[in-house]
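For reference, the structure is listed below as structure tokens.
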Amino acid sequence: MRMKEMVARTGVHERLLRYYEQQGLLAPDRLPSGYRVYSEADVEAVRRIRCLLAAGLPTATIAQVLPCVSTDDDRLVPTCPDLVARLHRERERISRAIDELATSREMLDHVLSAAPPEPRPAS
């Protein structure tokens, strides 16, 4: 299938599909004219990529993880022995980031609590 159909099938914009290709996440075939030709496997790869992005993984990590996951219904399943340990490390990285953001929010709440009340508009 060509780019337009791939966009329609995946809901992913052309620019993102090209970006995924640049990042080594997709490798569509090329016609002699240079046009990309996507397969059903590419449609599934885009679904996996979107899922891993939603899980907070950067594209560099996804490039390494993608060959080690399969799909069971709508669920990604690790297929390489060392992948589970790597995903645990990624989860810890995300948890640390969440903790740092929660601390930042608490500090901002503390600053805001010292602000004078906003004037009410006249009725």
Side-chain angles (χ1 to χ4, degrees):
M1 76 192 80
R2 299 276 290 276
M3 178 73 78
K4 298 274 186 212
E5 186 179 348
M6 185 67 163
V7 168
R9 295 273 310 274
T10 63
V12 174
H13 195 277
E14 291 178 19
R15 291 183 70 189
L16 272 178
L17 292 172
R18 289 188 193 101
Y19 176 74
Y20 295 163
E21 188 177 350
Q22 290 171 349
Q23 297 301 304
L25 304 176
L26 280 179
D29 290 332
R30 296 281 187 141
L31 296 175
S33 62
Y35 287 108
R36 292 166 178 83
V37 178
Y38 296 95
S39 67
E40 287 300 318
D42 292 324
V43 172
E44 184 57 36
V46 168
R47 289 187 181 127
R48 291 176 184 167
I49 292 164
R50 301 302 293 169
C51 183
L52 293 167
L53 284 168
L57 299 181
T59 56
T61 301
I62 292 172
Q64 296 168 354
V65 168
L66 201 56
C68 291
V69 293
S70 65
T71 306
D72 182 14
D73 293 323
D74 287 336
R75 188 174 175 180
L76 293 182
V77 179
T79 59
C80 299
D82 62 332
L83 179 59
V84 173
R86 181 180 187 115
L87 292 176
H88 279 294
R89 288 192 301 273
E90 285 296 325
R91 187 182 188 289
E92 286 301 315
R93 179 189 62 79
I94 291 167
S95 293
R96 283 191 305 275
I98 290 169
D99 292 343
E100 290 170 5
L101 286 170
T103 299
S104 295
R105 182 181 57 204
E106 288 172 15
M107 292 299 295
L108 187 56
D109 287 346
H110 182 71
V111 170
L112 289 170
S113 70
E118 293 184 26
R120 293 185 167 206
S123 311

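Reckoned from all heavy atoms, side chains included, excluding hydrogens, waters and symmetry mates. Quick note: residue numbers are just sequence positions, from 1.
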Enter the distance from [X]:[atom1] to [Y]:[atom2] here, rounded to the nearest 0.5 Å.
X	Y	atom1	atom2	answer
H88	L83	NE2	CG	10.0 Å
R48	L76	CZ	CG	7.0 Å
R36	M3	CZ	CE	4.5 Å
I49	Q23	CD1	CD	10.0 Å
L17	L25	CG	CG	11.0 Å

State, with a plain yes or no, whether a side-chain heavy atom of [X] is found less than 4.5 Å away from one of [Y].
X	Y	answer
R47	T10	no
R86	Q64	yes
M6	E14	no
E90	P58	yes
L57	L87	yes

field: side chain to side chain donor-acceptor pair (under 3.5 Å) partners for E100, two or more places apart
entry: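 Expected list: none.
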message: R30: which residues meet the side chain to side chain donor-acceptor pair (under 3.5 Å) condition with it, sequence neighbours left out?
response: E21
- prompt: Should we say atom CZ of R91 is surrounded by more than 12 heavy atoms from elsewhere, each under 6.0 Å from it?
  reply: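 Atom CZ in R91 is not crowded, with 12 or fewer foreign heavy atoms closer than 6.0 Å.
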field: Set of residues satisfying side-chain contact (heavy atoms from CB on, under 4.5 Å) with respect to R50, sequence neighbours excluded
entry: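 Counting only residues at least two positions away or on another chain, R50 forms a side-chain contact (heavy atoms from CB on, under 4.5 Å) with V12, L16, Y20, V46, L53.
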Residues that I94 engages under side-chain contact (heavy atoms from CB on, under 4.5 Å), provided they are two or more places apart: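 With sequence neighbours excluded, I94 shows a side-chain contact (heavy atoms from CB on, under 4.5 Å) to I98, given in chain and number order.
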query: Are Y19 and I62 grouped together when hydrophobic residues (ILVMFWY) are joined by side-chain heavy atoms under 4.5 angstrom apart?
result: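 Yes; tracing contacts between hydrophobic side chains, which count when under 4.5 Å, links both residues.
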message: Using a 4.5 Å cut-off between side-chain heavy atoms of Ile, Leu, Val, Met, Phe, Trp and Tyr, which other residues end up in the same hydrophobic cluster as L31?
response: Y35, V37
- request: Any disulfide (SG to SG under 2.5 Å) involving residues 81-112? Give me the pairs, sequence neighbours left out, ordered by first then second residue.
  value: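 For residues 81-112: none.
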- line: Heavy-atom closest pair (D42 atom, P28 atom, distance to 0.1 Å) is OD2-CA, 4.0 Å
field: Heavy-atom pair of closest approach, residues A45 and L66
entry: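 Where A45 meets L66 most closely, the heavy atoms are O-CD1, 4.4 Å.
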